2 protein chains.
Amino acid sequence: MNLPSSGQKSYHHGDLKNALVTAGIACLEQDGLAALTLRGIAARAGVSHTAPKNHFGSLRGLLTAIATEAWHRHAAAMRGQLPTDAPPRDRLVAMAEGYVGFATTNPGLYQLMLSPLHCDLTSPDFHSAARASYDVLAEVTADLIRTGQAPFSDPRQVETMLWSLVHGYASLAQSGMLGGPPGTGPVPVIADLLPL
Amino acid sequence: MNLPSSGQKSYHHGDLKNALVTAGIACLEQDGLAALTLRGIAARAGVSHTAPKNHFGSLRGLLTAIATEAWHRHAAAMRGQLPTDAPPRDRLVAMAEGYVGFATTNPGLYQLMLSPLHCDLTSPDFHSAARASYDVLAEVTADLIRTGQAPFSDPRQVETMLWSLVHGYASLAQSGMLGGPPGTGPVPVIADLLPL
DNA sequence: AGCGTAAGTTTACATTGGTAATATGGTGCG
DNA sequence: CGCACCATATTACCAATGTAAACTTACGCT
């Protein structure tokens with residue numbers, strides 16, 4: 001029952017579980033959410049369309065696994081840009097830019113990982129991955145509050161406000177609904193919307 | 001070519017166009033986004049599943065029409081709660097509560113009207129309906145700026161910030177992703193997140 | 001009255017996700 | 001070493017869906 005550690009194609013496929021997630025992400029990046037079909041992903045991984053059932057139960061399960069991976073990458077994107085020793089407000093800006101940058105660079109993954117229509121939001125793995133992203137935001141918030149630069153004193157309030165703001169911005173930007181009437185100047189960048 | 005003014009079932013149906021939109025909203029409120037199938041909506045309106053094509057071209061066209069109606073109701077929900085003669089900050093709170101209230105009360109409509117997967121965001125009707133909602137927010141923003149209570153001086157910046165914040169809050173609240181770790185106290189209300 | 005055409009229906013079809021039955025091949029036990 | 005077992009994967013099949021084409025109906029205009 002021990003998994004083959006790497007790409008060696010022992011057993012029937014090797015580790016189809018990871019291969020399917022990878023194939024799914026490729027489909028997603030290539031043709032968007034609509035391309036996330038059981039048959040399409042399975043074909044890309046070189047297996048029949050019923051193979052995923054053994055590992056994920058259903059399409060929904062597979063999409064949830066993909067979304068979980070998306071949350072991991074999302075957290076990494078934020079942490080990647082986060083200076084460790086810097087003023088809290090610089091860290092906030094970096095986090096916000098990391099957040100929005102991920103959503104902009106990976107529109108498909110970002111849509112998927114927030115869609116209750118595709119994912120099982122109550123899956124434990126999914127939940128803890130999403131939580132890991134939230135923790136980045138909570139850390140930065142704690143810094144802001146400690147130095148008295150937060151707009152509210154209650155951490156929960158600041159967290160919720162920042163989370164809403166940055167998610168709303170990313171979501172609207174992706175829908176193209178940002179910036180009011182078209183042609184009325186450039187869309188403000190996220191860094192200029194943070195109440196510091 | 002004159003439309004029958006009311007429910008009289010002249011012609012083949014009367015006005016199937018409105019009937020389909022109404023039926024679609026009913027399906028949506030009853031069983032969520034997944035119930036928005038061509039066949040389901042058509043059956044509810046009492047016609048065959050290919051009838052909608054004459055009026056909307058495709059399922060996407062029908063859903064876009066439903067989403068357009070959703071935006072109209074959304075704007076109405078905000079304006080309904082908006083006091084005409086009141087301090088700008090009271091008007092802001094009322095608008096935000098109207099926004100979030102609509103999303104909470106009509107989760108299906110709210111999901112639909114922001115989903116590029118279901119709707120054609122570039123449809124002129126859709127766009128002008130969404131714009132009408134944005135105008136409510138822009139009006140309130142103008143008041144805030146006039147009285148010097150806005151966090152920024154550029155209206156576009158304030159509009160984008162508020163739009164992002166209120167949409168992000170509504171969207172996350174609906175996904176159940178709001179409030180950080182579960183069981184750590186109540187979720188802050190939108191009125192307490194507005195930087196005034 | 002009669003014709004043109006918008007409005008709906010019926011039929012057919014490709015694609016999708018899911019289930020059941022079957023084949024395949026690695027693992028471990030004798 | 002051989003054989004049974006079971007996870008893994010495939011094939012065949014099904015119901016549901018959106019779309020296209022051919023056909024039917026009945027309004028409106030001349």
Side-chain angles (χ1 to χ4, degrees), chain A residues 1-24 27-28 30-67 112 115-120, chain B residues 1-24 27-28 30-66 112 115 117-120:
Chain A
M1 193 48 146
N2 43 357
L3 299 174
S5 52
S6 181
Q8 46 176 333
K9 327 188 49 171
S10 72
Y11 217 179
H12 282 182
H13 173 105
D15 60 340
L16 184 55
K17 199 163 183 176
N18 289 335
L20 283 171
V21 170
T22 301
C27 290
L28 185 54
Q30 183 172 332
D31 292 319
L33 269 185
L36 289 181
T37 77
L38 203 46
R39 297 170 117 99
I41 297 174
R44 181 161 211 134
V47 295
S48 75
H49 80 281
T50 54
K53 180 166 196 179
N54 295 318
H55 300 277
F56 302 101
S58 67
L59 172 62
R60 193 177 184 73
L62 171 53
L63 298 191
T64 302
I66 296 175
L112 176 66
S115 166
L117 199 62
H118 301 87
C119 305
D120 175 15
Chain B
M1 193 44 149
N2 44 359
L3 298 174
S5 52
S6 180
Q8 46 175 334
K9 326 187 55 177
S10 72
Y11 215 3
H12 281 183
H13 173 105
D15 61 341
L16 185 55
K17 199 162 183 177
N18 289 335
L20 283 170
V21 170
T22 301
C27 290
L28 184 55
Q30 183 172 334
D31 292 318
L33 268 184
L36 288 181
T37 81
L38 204 46
R39 295 170 122 98
I41 298 174
R44 181 161 213 137
V47 294
S48 78
H49 78 282
T50 52
K53 184 168 194 181
N54 294 319
H55 299 279
F56 302 102
S58 68
L59 172 63
R60 194 177 182 74
L62 172 53
L63 298 190
T64 302
I66 296 175
L112 176 66
S115 165
L117 198 63
H118 301 87
C119 305
D120 175 16

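This is a predicted model, so every value here is computed, not measured. Labels below follow one simple rule: chain letters A, B, ... track the order of the sequence lines, proteins then strands, and each chain is numbered from 1.
Rounded to an integer number of Å, the gap from Leu16(B) CG to dA6(C) P is 16 Å. Across the protein-nucleic acid pair, Asn54(A) atom CG and dT22(C) atom P stand 17 Å apart, rounded to whole Å. Taking atom NE2 of His55(A) as the reference point, atom C1' of dT10(D) lies 13 Å away to the nearest angstrom. In this structure, Asn18(A) places its CG atom 16 Å from C1' of dT8(D), rounding to the nearest Å. The CG atom of Asp15(B) sits 16 Å away from the P atom of dC27(D) (whole-angstrom rounding). Remark: C1' of dA7(D) and NZ of Lys17(A) are 13 Å apart, rounded to the nearest angstrom.
Residue Leu59(A) holds its CG atom at 8.5 Å from NE2 of His118(A), rounded to the nearest 0.5 Å.
The minimum heavy-atom distance between Thr64(B) and Cys119(B), with the atom names listed, is OG1-CA, 3.6 Å. In terms of heavy atoms, Gly24(A) sits closest to Leu36(A) at O-CD2, 3.6 Å.
Side-chain contact between Val21(A) and Phe56(A): present, with at least one pair of heavy atoms (C-beta onward) separated by less than 4.5 Å.
A search for side chain to side chain donor-acceptor pair (under 3.5 Å) contacts involving Thr50(A) returns Ser48(A), not counting sequence neighbours. Evaluation of the side chain to side chain donor-acceptor pair (under 3.5 Å) rule for His55(B) yields no partner, not counting sequence neighbours.
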For nucleotides 10-17 of chain C, print each protein N/O atom paired with a nucleotide N/O atom at under 3.5 Å, atom names and distance only.
residue : atom : partner  : partner atom : Å
dT10(C) : O4   : Thr50(B) : OG1          : 2.9
dG17(C) : OP1  : Leu38(A) : N            : 2.8
dG17(C) : OP2  : Leu38(A) : N            : 2.9
dG17(C) : OP2  : Arg39(A) : N            : 3.2
dG17(C) : N7   : Arg39(A) : NH1          : 2.4
dG17(C) : O6   : Arg39(A) : NH1          : 3.2

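Under 4.0 angstrom from either OP1 or OP2 of dT19(C) there lies at least one side-chain N or O belonging to Lys53(A).
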